[in-house]
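Have a look at the structure below, then the notes.
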Amino acid sequence: MKTSNSPVRVRFAPSPTGHMHLGSARTALYDYLIAKKTGGQFILRIEDTDFKRYIPGAEQELIDGLRWLGIDFDEGPDIGGPYGPYRQSERKEIYLTYANKLVESGNAYYCFCSPERLSRVREEQQKRKEAPHYDGTCRNLRAEEASKRIESGEKFVIRFKSPKEGSTTVTDLLRGDITVENRTLDDYILVKSDGWALYHLAAMVDDQLMKITHVIRGSEWLPSLPLHSLIIRALNWQEPVWVHLSVFLKPSGKGKMSKREKDDLLKDGYSIFIKDLKDLGYTPEAVVNWVALMGWSYDDHTEFFTLEDLVEKFNLEHLNPSPAAINFTKLDHFNGLHIRHLDDVELAERIAPYFLAKGIKADTSTLKKIAPILKERIATLDEAVEMAGFFFEDNVKPQVDELTPKGLSAVQAKEILTESYTLLEGVAAFDQTKTETPMRAYVERSGLSAGQVFGVLRVAVTGQKVSPPLFESMEIIGKTKVLERINRAIQLLE
RNA sequence: GCCCCCAUCGUCUAGCGGCCCAGGACGUGGCCCUCUCAAGGCCAAAACAGGGAUUCGAAUUCCCUUGGGGGCACCA
């Protein structure tokens, strides 16, 4: 099936009921990519008809998440568009119009059964080990009787009249034909007793009215695909291309993630929520790259992609239908890759907020200087703080035991520092080439290893055992401060 | 219980009948480089779930089993 040549209209239709997670991000990404690639449009539609589950702020989080990832939409609730409104809560009457058409054409019917009766029926069915389904009480009610009961004020819902015989075949782009026996279909509710349409109706109506050509969504919708197709056919509409993406499994590959597991994950510095990822030091570039490759691959085995690359190379043909376990170490890898691809100024800007969050006043000019030596040493942006915090402190607090590493006595360590002080004090232009030469010579002379000498000096100057390269770091810190710090370390050793 | 989907290294995947005693990436182990940590380079271990069938030939097609996932709401 050729799908990626003519302009495609796709929609991302989340419900504002929780945080935006990786699965949604990937769906939105694919939507965006295929729309951009084909010169089509990407629409954001908010499915907010379930007022009980509605979470204020969730819509904004969604929009912020998309913006952060660089996924722009062409039409949506906050920017409008020719097929609005883009919130289902503003489209009640539209759904009713089509629900009525369905009733008129005999494809749907009014049902007056009470929720209480229905749950009793369900219970009995389950006791008999049957699949829970509507028992059909109102399915063949005469029209006059139905309208009489409606007029008398009885509560009702509208149900779809699913065929009882034969089978229904629908085509999914990744899986081919999917066929179900119609007798396994239920008479699903289309419109609730409060007059609001349910997803099954609302989404189909919106997709049609918004001229959606490809429905890209999670595979949790696969079981209701026949129903959706049947609704569309009953309305004499044309079916979109159905694309059901595989689900994401927890890292172990065993099922979806529970609330508890999500909390545990956060303790390890990972999260499936987009809003967390930013705080955890991940770049949107890496998240996009990573998520794009979970369920999609490119011919030539390339794995490093920018959003622009993906727009050019993405296609619907290489999608993989099997469930994928989330691999966070690979996110780390991509994050490192993308950090290294950032230029120094950009990286400086990106790490600045993390210093700020830790209460460290990091000035832009120093940030720019440390960016190149930090670049290949951090996997997440927040790591810049622990790796390079010492650049911004007035003084550092080395551990005495770290000042005297294995194989060296306190006396030797002190000697190294005193000698270093003298040598470095004598260097006029305090840049790395000028400081390294005399220090190397000293190493030769002392009979100690470079590791020992520079190690002690590193702890004295940076306060830590692990740091960016010593001489570059000292240059950035500056002569005065370096000497001060060495001095303090010598005192510590006394 | 019923329905639907899926099945290649630990993980993400390439493979769409011969190019595969299965390729790449992450991770892991080793070596090199090296002032620490990284980054980088090189090397290694690591998979076609099982059983039938079709075929000269199957990871690739079909069937069964097993395993995994999803769904069965007046949620989406």
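Reminder, nothing fancy here: chain letters follow the sequence lines and each chain counts from 1.
- Partners of A/K414 according to the salt bridge (charged side-chain N to carboxylate O under 4.0 Å, His left out) rule, which considers only residues two or more places apart in sequence or in another chain, are A/E494.
- The separation between A/Y95 atom OH and B/C74 atom C1' is 17 Å, rounded to whole Å.
- Across all strands, A/G255 comes closer than 4.0 Å only to sugar-phosphate atoms, never to a base (heavy-atom distances).
- Note on A/V157: a base of the nucleic acid sits closer than 4.0 angstrom, heavy atoms only.
- The CG-P distance, from A/D172 to B/G70, rounds to 18 Å in whole Å.
- Contacts of A/S193 classified as side chain to side chain contact (heavy atoms under 4.5 Å, CB included), with partners at least two apart in sequence or in another chain: A/K155, A/V157.
- Across the C1' atoms, B/A46 and B/C9 are found 5 Å apart, a figure rounded to whole Å.
- Remark: P of B/G68 and CE of A/M257 are 18 Å apart, rounded to the nearest angstrom.
- Taking A/Y54 as the reference, nothing meets the ring pair (Phe, Tyr, Trp, His ring centres under 6.0 Å) condition, with sequence neighbours excluded.
- When Watson-Crick and G-U wobble pairs are counted only if both distances are under 3.5 Å, B/A7 pairs with B/U66.
- Panel note: side chain A/N182, backbone A/S162; no donor-acceptor pair is recorded below 3.5 Å.
- For A/E415, the side-chain hydrogen bond (donor to acceptor under 3.5 Å, both in side chains) criterion is met by no residue, not counting sequence neighbours.
- Computed from coordinates, the A/Q88 CD to B/C75 C1' distance equals 12 Å when rounded to whole Å.
- The separation of B/U8 from B/G50, taken at their C1' atoms, amounts to 15 Å, rounded to a whole angstrom.
- The interatomic distance linking A/E116 (CD) with B/C74 (P) rounds to 12 Å, in whole Å.
- The residue A/S15 sits close only to the backbone: its heavy atoms come under 4.0 Å of sugar-phosphate atoms, none of a base.
- Using a cutoff of 4.0 Å between basic side-chain nitrogens and carboxylate oxygens, A/E124 and A/K127 are not scored as salt-bridged.
- Using a 4.0 Å heavy-atom distance criterion, A/R440 is classed as a base contact.
- Listed by first and then second residue, the salt bridge (Lys or Arg N to Asp or Glu O under 4.0 Å) pairs that reach into residues 455-473 of chain A come to none, sequence neighbours excluded.
- The separation between A/H21 atom NE2 and B/A76 atom C1' is 10 Å, rounded to whole Å.
- Applying the Watson-Crick and G-U wobble criteria (two distances, each under 3.5 Å), B/A38 pairs with nothing in any strand.
- Between A/L470 and A/F334, the residue anchored nearer the 5' end of RNA chain B, judged by the nucleotide with its closest heavy atom, is A/F334.
- Sorted by first and then second residue, the salt bridge (Lys or Arg N to Asp or Glu O under 4.0 Å) pairs with a member in residues 242-252 of chain A read A/K250-A/E261; sequence neighbours excluded.
- Summarising the base pairing, B/C56 is matched to B/G18 through a Watson-Crick or G-U wobble pair whose two defining distances lie under 3.5 Å.
- Across all strands, A/C113 comes closer than 4.0 Å to base atoms (heavy-atom distances).
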Scan nucleotides 38-45 of chain B against the protein and return all N/O pairs shorter than 3.5 Å with their distances rounded to 0.1 Å.
| residue | atom | partner | partner atom | Å |
| --- | --- | --- | --- | --- |
| B/A38 | O2' | A/E376 | O | 2.2 |
| B/A39 | O4' | A/E376 | O | 3.2 |
| B/A39 | O3' | A/R340 | NH1 | 3.0 |
| B/G40 | OP1 | A/R340 | NH1 | 3.2 |

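- In summary, A/R159 and A/D186 do not engage in a salt bridge, as defined by a charged side-chain N under 4.0 Å from a carboxylate O.
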Give every pair of a protein N or O atom and an N or O atom of nucleotides 6-16 of chain B that lie under 3.5 Å apart, one pair per line with the distance.
| residue | atom | partner | partner atom | Å |
| --- | --- | --- | --- | --- |
| B/C12 | OP1 | A/A325 | N | 2.9 |
| B/C12 | O2' | A/L293 | O | 3.0 |
| B/U13 | OP1 | A/G295 | N | 2.9 |
| B/A14 | OP1 | A/S297 | OG | 3.2 |
| B/A14 | OP2 | A/N320 | ND2 | 3.3 |
| B/A14 | O2' | A/H301 | NE2 | 3.4 |

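- Residues satisfying the ring pair (Phe, Tyr, Trp, His ring centres under 6.0 Å) criterion with A/Y95, sequence neighbours excluded, are absent altogether.
- B/A73 atom P lies 18 Å from atom CZ of A/F160, rounded to whole Å.
- Under the side chain to side chain contact (heavy atoms under 4.5 Å, CB included) criterion, A/L245 pairs with A/R26, A/T27, A/Y30, A/I216, A/V243, A/L319, not counting sequence neighbours.
- At least one donor-acceptor pair under 3.5 Å links the side chain of A/H133 to the backbone N or O of A/A131.
- If you measure from atom CG of A/L222 to atom P of B/C4, you get 11 Å, rounded to the nearest angstrom.
- For the pair A/T184 and A/E220, both in contact range of RNA chain B, the more 5′-proximal nearest nucleotide belongs to A/T184.
- Residue contacts shown for A/P468 include a base, since a base heavy atom lies under 4.0 Å away.
- Listed by residue number, A/K129, A/A131, A/P132 are the residues of residues 128-137 of chain A with a heavy-atom contact under 4.0 Å to RNA chain B.
- Between A/F392 and A/F355, the distance separating the two ring centers is shorter than 6.0 angstrom.
- Distance noted for atom P between B/C37 and B/G30: 14 Å (whole Å).
- As rounded to the nearest Å, B/G41 and B/C4 have C1' atoms that lie 49 Å from one another.
- The base-pairing partner of B/U28, taking Watson-Crick or G-U wobble contacts with both distances under 3.5 Å, is B/A44.
- Centroid-to-centroid, the aromatic rings of A/Y110 and A/F156 come within less than 6.0 Å.
- Residue-level contact check: A/W290 touches neither bases nor backbone, having no heavy atom under 4.0 Å from any strand.
- Look at the C1' atom in both B/A49 and B/A44: the space between them is 26 Å, to the nearest Å.
- No donor-acceptor pair closer than 3.5 Å links the side chain of A/D187 to the backbone N or O of A/Y134.
- Between B/U54 and B/C62, the distance separating the two P atoms is 15 Å to the nearest Å.
- RNA chain B is contacted by A/F454, A/R458, A/K465, A/V466, A/S467 of residues 452-467 of chain A, taking any non-hydrogen atom closer than 4.0 Å.
- OP1 and OP2 of B/G71 both lie 4.0 Å or more from every side-chain N or O belonging to A/S224.
- Across all strands, A/K254 comes closer than 4.0 Å only to sugar-phosphate atoms, never to a base (heavy-atom distances).
- Aromatic ring centroids of A/F304 and A/H338 lie under 6.0 Å apart.
- Across B/C31 and B/G51, the matching P atoms stand 40 Å from one another, rounded to whole Å.
- Shown here is A/R183, whose CZ atom has no more than 12 heavy atoms of other residues, nucleotides or ligands within 6.0 Å.
- B/G1 is paired with B/C72 under the criterion used here, namely a Watson-Crick or G-U wobble arrangement in which both key atom distances are under 3.5 Å.
- Side-chain N/O atoms of A/K256 include none lying less than 4.0 angstrom from OP1 or OP2 on B/G70.
- Spacing of C1' atoms, B/G15 relative to B/A59, comes out at 8 Å, to the nearest Å.
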